[in-house]
Amino acid sequence: MNFFKSFFASCLGSIVAMVVVIFGLIWIISLSGGDEVLIDDNSVLHLDLDVPIVETEREDPFAGVPFFGGDAPRPVGLAQLRQAIQKAKDDQKVKGIYLTVSSPQAGYAVIEELRKAILDFRTGGKWVIAFSEGMTEQAYYLASSADKIYLHPEGDLEFNGLAIDVTFFKRLFDKLEIKPEIFRVGEFKSAVEPFMLEKMSEQNRLQLTELIESLNDQVISSVASARNLPVERVKEISDKMLVHNPAQAKEVGLIDSLAYADQVEDIIRKRAGVDKLSLVKYSKYSKTVTQTGTSKNEVAVIVAEGTIVSGKADASRGVIASESFIKVLRKAREDEDVKAVVLRINSPGGSSLASDAMWREITLTSQSKPVIASMSDYAASGGYYMAMGCDTIVAQPHTITGSIGVFSVLYDASGFLGNKLGITSEELKTGEIGELVTISRPLNEVERSIWQQRTEEVYDTFTKKAAEGRKTTQDAIKAVASGRVWSGLQAKERGLVDIIGTFEDAVKVAAAAADLKDDYKVRIYPRYTPSLFEQIATKIEEDNEENAIRAQLGEYYYLYQQMKEVKSYQGTQARMPYSLRIH
């Protein structure tokens, strides 16, 4: 009896403690928000962009709460950043922007969107000052949109062209005695190369070389225009890496001056015409941004970001789940106030089945209202599968797209299970063909032929529907397909993309297609708001697991992410070659 008394007393105490903690957290969170945001006259908007930049933010009630990592850098939404910069352009209280950036966690297409927003901000007669102690290639590309760039006297600036890292796992699989069973269509469908080779194939080397050269040419021309330098000179600076230190960066004209942070703040204070500098952080200023427009007419922006999978998932999971996407798109199609849809795609692809299911919903929607694709960093393979169902495709010069190809992967882990773990198995079957998805034995020749035929059938469907969407022949699509990736500019030249432009351009195309003129408002979907208890559970899981791994691995965190992705390479995939790291 004493044992049970102690046991139930302990349980009751734990429950009471948990309730107290939860209500305490609710009280802390309620205190951290809700106050009216006031902006002083002659303020300067401070954009510190050394953070992960995603397509759209999700609400984080724990921001600023240290217990839940509220002081750690949180992802910033590109959509919200654009809105804040646009509002600041017309805000009489904001005199300029102070941009600090060293290593933004974003692709070049996202950086391009931010550059365009900052350049547009400057057209309002306002100034932008950029400063950093050191800049990566991407950071400098973003900073080049400022009218003045300052660098720490002992800092660093990387400006020596682009490079792509590709990680190969063949030796790892050999050591573990795991044999990938690979089926693919297209000589450039190289997503499976890390499992079967130790270095790039000649076809893959060709496509990636041409890809980064196209992306680099765009960087060179944009920097040359921003810094009023000849393109040939900027290319020479980059190709020969003429900048090794801050003094050389100033000498060749990539930056304006060398200065310490306090000196830059003095310069900003004088530009703002104040004795005491009032810097407004983005996290604060973004709270002043509200949905604009009172029109009933709506352009719905549906964000599709992440790897494509089947099933359901909320917006916080970093995947495009077909069932969840279809539900959101169908709601937009059936909403009479939604006059047009912009599909914002940032995806390297994924499940071919899920891609096709979403393509169907996209084409159904396009029959009743305009659907415009806006490509971000990636819209490749399954990502392009979604885009090709739209009426018009808008891409950035730096967008990585195409990769029209299909592969299937299974794993024969019988050697690993038997020789490493001592696990064996035996299969009984009623017919000639056993399980087509198994890791406990190798496939036989008949089963391999079935998988290859399936893969070829999916590729035929992919190219046929792409031809229908692009209003061309299947042979014309196959000529630029075979799994090959293209930059946005290359895709435009080959008819895979209609317009080179920004997200804002895509919205204007959608509004014009719906004949809305200026009578419309823009709303971003999905707008998923999990319950407080869901957010607490998710936050604990993220902070205790993912953040700990990220902190330990640092710059090598991407390798961990790639290993996680390998687990999802099962079955038939419409996926881009690798997770490309362009830096």
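We number each residue from 1, following the sequence as shown.
Checked by atom type and distance alone, the side chain of E57 pairs as donor or acceptor with a backbone atom of G77 at under 3.5 Å. When atom types are taken as modelled, the side chain of D377 and the backbone of V110 share a donor-acceptor pair closer than 3.5 angstrom. In terms of modelled atom types and a separation under 3.5 Å, the side chain of W486 and the main chain of V480 share a donor-acceptor contact. Under a 3.5 Å cut-off, the side chain of T136 and the backbone N or O of S103 do not form any donor-acceptor pair. Using modelled atom types, no side-chain atom of E198 and backbone atom of F168 make a donor-acceptor pair closer than 3.5 Å. No side-chain donor-acceptor contact under 3.5 Å links S381 to the backbone of P348. Of the possible polar contacts, none joining the N216 side chain to the G161 backbone as a donor-acceptor pair under 3.5 Å is found. Side-chain atoms of E305 never come within 3.5 Å of backbone atoms of N346 as a donor-acceptor pair (strictly under, hydrogens ignored). With hydrogens and angles disregarded, no donor-acceptor distance shorter than 3.5 Å links the side chain of E361 to the backbone of M358. Without hydrogens or angle criteria, T399 side chain to A395 main chain gives no donor-acceptor distance under 3.5 Å.
Residues I439 and D412 have side chains not in contact (no heavy-atom distance under 4.5 Å, counting atoms from C-beta outward). The shortest side-chain heavy-atom distance between I433 and V446 falls under the 4.5 Å cut-off. A heavy-atom distance below 4.5 Å is not found between the side chains of T307 and I320. With contacts defined as side-chain heavy-atom distances shorter than 4.5 Å, the pair V166/M200 qualifies. Contact of the Y384 side chain with the L496 side chain is registered, since non-hydrogen atoms from C-beta on lie closer than 4.5 Å. Residues D460 and K478 are in side-chain contact: their nearest non-hydrogen atoms beyond the backbone lie under 4.5 Å apart. Within the 4.5 Å cutoff, no side-chain heavy atoms of K465 are placed close to those of T363. Using a 4.5 Å heavy-atom threshold, the side chains of L49 and L81 count as touching.
Here the closest non-hydrogen pair linking A373 and I345 is CB-CD1, 4.4 Å. For the pair T401 and A491, the tightest heavy-atom approach, listed with the atom from each and the gap, is CG2-CB, 3.5 Å. Considering all non-hydrogen atoms of both residues, A106 and Q138 come closest at O-NE2, 2.6 Å. The nearest pair of heavy atoms linking L410 to T438 is CD2-N, 4.2 Å. I404 and T463 make their closest contact through CG2-CG2, 4.0 Å (heavy atoms, listed as atom of the first residue, atom of the second, distance). Closest non-hydrogen pair, S214 versus S487, comes out as OG-OG, 2.7 Å.
Counted within 6.0 Å of NZ on K175, heavy atoms from surrounding residues, nucleotides or ligands total 12 or fewer; the atom is thus considered open. By the 6.0 Å contact criterion, CD on E427 is enclosed, its count of non-hydrogen atoms from other residues, nucleotides or ligands being greater than 12. Within 6.0 Å of the NZ atom in K327, the count of heavy atoms belonging to other residues, nucleotides or ligands does not exceed 12.
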Would L343 and C390 satisfy side chain to side chain contact (heavy atoms under 4.5 Å, CB included), going step by step from the backbone distance to the final call? CA-CA 8 Å; L343 183 56; C390 299; 4.1 Å; yes
Apply side chain to side chain contact (heavy atoms under 4.5 Å, CB included) to residues S347 and M386 and explain how you reach the verdict. CA-CA 10 Å; S347 173; M386 299 172 71; 5.6 Å; no
Let me see the working for Y385 and D356 under side chain to side chain donor-acceptor pair (under 3.5 Å), right down to the final yes or no.
CA-CA 7 Å; Y385 207 125; D356 190 69; 2.6 Å; yes
key: V319 and I308: CA distance, side-chain angles, deciding distance, side chain to side chain contact (heavy atoms under 4.5 Å, CB included) verdict   = CA-CA 6 Å; V319 297; I308 296 171; over 6 Å; no
**OP:** Output, in order, the C-alpha distance, side-chain angles, deciding distance and verdict of side chain to side chain donor-acceptor pair (under 3.5 Å) for S408 and T455.
**Re:** CA-CA 7 Å; S408 302; T455 305; 2.8 Å; yes
For Y525 and V303, what are the C-alpha separation, side-chain angles and deciding distance, and is it a side chain to side chain contact (heavy atoms under 4.5 Å, CB included)?
CA-CA 6 Å; Y525 296 86; V303 176; over 6 Å; no
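Side-chain contact annotation: D475 with T473, donor-acceptor N/O pair under 3.5 Å absent. At a cut-off of 3.5 Å, with distance as the only test, no side-chain donor of Y282 or Q80 sits close to an acceptor on the other residue. Inspection of the S102 and S132 side chains reveals an N or O donor paired with an N or O acceptor under 3.5 Å. In the model, Q203 has no side-chain atom that pairs as donor or acceptor with a side-chain atom of Q207 under 3.5 Å. Side chains of Q396 and E113: a donor on one and an acceptor on the other come within 3.5 Å.
A salt bridge does not link R441 to E435: none of the charged nitrogens lies less than 4.0 Å from a carboxylate oxygen. A salt bridge links D174 and K170; the closest N-O separation between the charged side-chain nitrogens and carboxylate oxygens is under 4.0 Å. Contact check on R484 versus E210 returns a salt bridge, with a Lys/Arg side-chain nitrogen under 4.0 Å from an Asp/Glu carboxylate oxygen.
Put simply, CD on E456 and OG1 on T461 are 12.0 Å apart, with the number rounded to the nearest 0.5 Å. Here the NZ-CE distance, from K179 to M196, works out to 15.0 Å after rounding to the nearest 0.5 Å. Atom OG of residue S238 and atom CG of residue L162 lie 7.5 Å apart, to the nearest 0.5 angstrom. In this structure, NZ on K312 lies 10.5 Å from OG on S322, to the nearest 0.5 angstrom. Here L215 contributes atom CG and Y141 contributes atom OH; the two are 10.0 Å apart, rounded to the nearest 0.5 Å. Note that the CG atom of L421 and the CG atom of L176 stand 9.5 Å from one another [nearest 0.5 Å].
Taking the six-membered ring for Trp and the full ring otherwise, F407 and F183 have centroids separated by 6.0 Å or more. Aromatic pair H398/Y378: centroids not less than 6.0 angstrom apart.
Partners of F159 under the ring pair (Phe, Tyr, Trp, His ring centres under 6.0 Å) rule, at least two apart in sequence or in another chain, are Y140.
Taking the ring centre of W451 as origin, the terminal cationic atom of R448 falls outside the region bounded by 6.0 Å and 45° from the ring axis.
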